[in-house]
Protein chains: 2
Amino acid sequence: MPTRATIIAAADDLFYRQGYAATSFADIATTVGISRGNFYYHFKTKDEILDAVIAERAARTKALLAQWEAESTTPAACLHRFVDIFVVNRAKIMRHGCPVGTLCAELAKLDHAALPDAGAIFTLFRHWLARHLEALGCPEPDAQALHLLARSQGIATLASTFHDEAFIDREIAQLHALIDHIATSPEA
Amino acid sequence: MPTRATIIAAADDLFYRQGYAATSFADIATTVGISRGNFYYHFKTKDEILDAVIAERAARTKALLAQWEAESTTPAACLHRFVDIFVVNRAKIMRHGCPVGTLCAELAKLDHAALPDAGAIFTLFRHWLARHLEALGCPEPDAQALHLLARSQGIATLASTFHDEAFIDREIAQLHALIDHIATSPEA
DNA sequence: ACAGGATTAGGTCGGTCGTCCTAGGGGTGT
DNA sequence: ACACCCCTAGGACGACCGACCTAATCCTGT
């Protein structure tokens, strides 16, 4: 893997696990196993690598959503796949929260210029969810999409504070039930 | 106001607006208008002032919950008061998120020892909500309390990223409706 | 073999971080 | 008046931060 991509991958992981502010150039360089000078050759400022990480996450998100769509036969199945993030990434979420949500929260506090870019990843989910909700006949697909996102964020936040597995199970089941309900009687 | 209390108040505000990691001793000292040396007389380490801030927030939370309780005539009214945080603190939440949730998220990322203490503030809400849900005859008051907390956290997270007033209004209305539903048919 | 751009290593800069220390101010009790 | 102690100011420390620079190395095309 080229050095640049390696740096982005390491920064991505460290930003997720430690947060953006708490991660230094030295941290990333040490993790990758290169010198700080080499690091600076690829990224001139810390903002620059943040932009690269956000772009990488956005691209991965797009690919993930496309994959879910390709592997699902119905709109409802797509929505269920979304909820199953918590099944697949449960351990990580319990330790470090949602990668998108925690980054946006941090950038919002720092008044960082990249907040809209990070928020755009949320928007990818939002539009994707809205599209499938609309396919189900949901009358207000965008509002419902935001609702699902909010529910997910709430679960992630409390999961990382309380580490309560049963709570996560209950909330996942509720979200699945909500999607089933929308699929069967979308006008409600 | 004594210096110590002034420092705690300033740190509380700065931790909320900028985050814990992004706030330095100098920041706080400058805000209060005292020297760093004086600051160090009152708090020897950064962790120490964090503990003080968390204790202060916990105390304020207890007082707030007691006040809500005193001003409400029914358990349902108490629960509605909880949801109305978003009405009262909407502007702040849209800019900096939930004070408790964002702090817990940050401390979780930093693997900070004070995470349980910060989480205890969540627990104050949790038990308070559960108590009133139980009074309503809710079969699983603690689970429902966690659910309400999660919903609130989700709203706060998305509010600070999207700044969408209509979204907040919809979610608040939904929570009020949910509480009314629990109050009228608690067995469901 | 050689030139030249791409890449890497490592040192350095000014600034800020958390921490610590000492000297003095200001009030109180004797 | 004097001793005492709470409080304050401000400087200094070692470490680390992001940022920058230069020299050496690698690789590729000719």
Side-chain angles (χ1 to χ4, degrees), chain A residues 1-56 102-103 106-115 117-118, chain B residues 1-56 102-103 106-115 117-118:
Chain A
M1 182 151 63
T3 305
R4 187 187 157 86
T6 312
I7 293 176
I8 293 177
D12 189 356
D13 184 53
L14 287 173
F15 287 173
Y16 177 40
R17 284 177 16 226
Q18 310 182 353
Y20 172 66
T23 302
S24 68
F25 275 34
D27 280 337
I28 304 172
T30 303
T31 304
V32 178
I34 61 172
S35 65
R36 285 160 299 125
N38 187 6
F39 187 100
Y40 191 75
Y41 170 77
H42 292 280
F43 300 96
K44 275 142 202 66
T45 67
K46 204 182 175 186
D47 290 355
E48 207 167 292
I49 186 169
L50 175 62
D51 291 339
V53 166
I54 291 176
E56 166 68 20
T102 53
L103 180 62
E106 186 176 0
L107 295 183
K109 272 203 200 300
L110 299 177
D111 266 320
H112 199 285
L115 175 59
D117 295 333
Chain B
M1 185 153 59
T3 305
R4 187 187 157 87
T6 312
I7 293 176
I8 294 178
D12 189 356
D13 184 53
L14 286 173
F15 286 173
Y16 177 41
R17 284 178 14 226
Q18 311 181 354
Y20 172 66
T23 302
S24 67
F25 275 35
D27 280 336
I28 305 172
T30 303
T31 303
V32 178
I34 61 170
S35 65
R36 283 161 300 127
N38 187 7
F39 187 99
Y40 188 75
Y41 171 76
H42 292 280
F43 299 96
K44 276 142 202 69
T45 68
K46 202 180 177 186
D47 291 354
E48 205 167 293
I49 185 169
L50 175 62
D51 291 340
V53 167
I54 291 176
E56 167 67 21
T102 53
L103 180 62
E106 186 176 0
L107 296 183
K109 274 206 197 301
L110 299 177
D111 267 320
H112 199 285
L115 175 59
D117 294 333

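All values below were derived from every heavy atom in this structure, side-chain atoms included, with hydrogens, water molecules and symmetry-related copies excluded. From a predicted model like this one, the values you see are computed outputs, not experimental measurements.
In this structure, B:Lys44 atom NZ and D:dC7 atom P are separated by 11 Å, rounded to whole Å. The nearest whole Å value for the distance from the OH atom in B:Tyr40 to the P atom in D:dC13 is 17 Å. Between A:Ile28 atom CD1 and D:dC17 atom P the separation is 11 Å, expressed in whole Å. Rounding to whole angstrom units, OH of residue B:Tyr41 and C1' of D:dA9 are separated by 14 Å. Atom CZ of B:Arg4 and atom C1' of D:dC6 are 14 Å apart (whole Å). Taking atom CD on A:Glu48 and atom P on D:dG18, their separation rounds to 14 Å, with Å as the unit.
A side-chain contact (heavy atoms from CB on, under 4.5 Å) with A:Phe43 is found for one member of A:Ile49, A:Ile28, A:Asp51 and no other, namely A:Ile49.
Looking only at distances, no side-chain donor or acceptor of B:Lys109 sits under 3.5 Å from a matching main-chain atom of A:Ala22.
Atoms CD1 and OG1, on A:Ile7 and A:Thr3 in that order, are 6.5 Å from each other to the nearest 0.5 Å.
Comparing A:Asn38 and A:Phe25 along DNA chain D, the residue whose closest nucleotide (by nearest heavy atom) sits nearer the 5' end is A:Phe25. Residues A:Asp27 and A:Gly37 each lie close to DNA chain D; by heavy-atom proximity, the contact nearer the 5' end of the strand is made by A:Asp27.
Where DNA chain C meets chain B (any atom under 4.0 Å from a heavy atom), the bounding nucleotides read 5' to 3' are C:dC17 to C:dC20.
The side chain of B:Ile34 lies closest to D:dA9, out of D:dC21, D:dG18, D:dA9.
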